[in-house]
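Naming: A, B, ... by sequence-line order, numbering from 1 per chain. Values below: all heavy atoms of this structure, side chains included; hydrogens, waters and symmetry mates excluded.
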Amino acid sequence: GNSVTQMEGPVTLSEEAFLTINCTYTATGYPSLFWYVQYPGEGLQLLLKATKADDKGSNKGFEATYRKETTSFHLEKGSVQVSDSAVYFCALRRGTDKLIFGTGTRLQVFP
Amino acid sequence: ETGVTQSPTHLIKTRGQQVTLRCSSQSGHNTVSWYQQALGQGPQFIFQYYREEENGRGNFPPRFSGLQFPNYSSELNVNALELDDSALYLCASSLTSASGTGSRETQYFGPGTRLLVL
């Protein structure tokens, strides 16, 4: 079946460090891929998305490239800030189907 | 543009009780999806509503039911609450095209309702 696997957290970084959160997926066909972010005590916010192979989603300094050959959608940011501390969820959707989420990766950024 | 809103924000119930959670979709959206997020887990799809009918359901028992109203707002009802129903319940809205073949548009989430069952 369709599934998403994320690297386990927490990921702990100092401010201005480089961030990578790994995400791989299993799906038939060509799913759309998403990264959502959840700040403490809040719901999910869409961070970025990509709908076809080799697309790059970007927002607020975060980037992720849809790699079909490696079935991956890793999230990267060149210089993290304390305000980026949150839980990050990778998700996929095939066509008009439901969103399927990974288990989330907690990011902690220290000054 | 008004975002997705949910009420209440927090709720405490006891086993066996019933609960109703409410969601108002984002302006211009006609489809509502509900997700359950247990502590430390990713959200799990419960069901989706479009044109006031259920349009897809996840692996949840029938005691989870819903409604959608003509203004596209929605309710999630859970009967015979169990301890494991304690979770954050998220509502997401999106736009389904007039052809009604489903929503390919991005889902936007509300802040959630945190339910604690004692």
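Residue B/Gln6: no heavy atom, backbone or side chain, is found under 4.5 Å from chain A. Neither the backbone nor the side chain of B/Phe47 comes within contact range of chain A; no heavy atoms are under 4.5 Å apart.
Under the 4.5 Å side-chain heavy-atom criterion for grouping Ile, Leu, Val, Met, Phe, Trp and Tyr, A/Ile100 is connected to A/Tyr88 within one hydrophobic cluster. No continuous path of ILVMFWY side-chain contacts below 4.5 Å connects B/Tyr72 to B/Leu67, so the two sit in separate hydrophobic clusters. In the hydrophobic clustering of ILVMFWY residues, with side-chain heavy atoms under 4.5 Å counting as a link, A/Leu47 and B/Tyr35 come out apart. By the rule that hydrophobic residues join a cluster once side-chain heavy atoms approach within less than 4.5 Å of another member, A/Phe101 and B/Phe60 end up as members of separate clusters. Both A/Leu92 and A/Trp35 are members of a single hydrophobic cluster when ILVMFWY side chains are connected at heavy-atom separations under 4.5 Å.
Residues of residues 12-20 of chain B lying within less than 4.5 angstrom of chain A, judged on heavy atoms, are absent. Inspection of non-hydrogen atoms places no residue of residues 50-59 of chain A under 4.5 Å from chain B. Listed in order of number, the residues of residues 81-90 of chain B that approach chain A to under 4.5 Å between heavy atoms are B/Leu88, B/Leu90. Proximity to chain A at a heavy-atom threshold of 4.5 Å picks out B/Gly40, B/Gln41, B/Gly42, B/Pro43, B/Phe45 from residues 39-46 of chain B, in numerical order.
With rounding to the nearest 0.5 Å, the separation of CD in B/Gln107 from CZ in A/Arg93 is 5.5 Å. Rounded to the nearest 0.5 Å, atoms CZ (B/Arg57) and NZ (A/Lys98) are 12.5 Å apart. Note that the CD atom of A/Gln45 and the OH atom of B/Tyr108 stand 11.5 Å from one another [nearest 0.5 Å].
Within 6.0 Å of the CG atom in B/Asn59, the count of heavy atoms belonging to other residues, nucleotides or ligands does not exceed 12. Counting heavy-atom neighbours within 6.0 Å of A/Tyr30 OH, excluding the residue itself, gives a total of 12 or less. More than 12 heavy atoms of other shown residues, nucleotides or ligands fall within 6.0 angstrom of atom CD in A/Glu69. The number of heavy-atom neighbours closer than 6.0 Å to CD of A/Gln108, taken from other residues, nucleotides and ligands shown, is above 12.
Of the options A/Tyr39, A/Phe34, A/Tyr36, a ring-ring contact (aromatic ring centres under 6.0 Å, His included) to B/Phe109 is made by A/Tyr36 and by none of the others.
Comparing A/Val4, A/Leu46, A/Val87 by how many heavy-atom pairs each has under 4.5 Å with chain B, the most go to A/Leu46.
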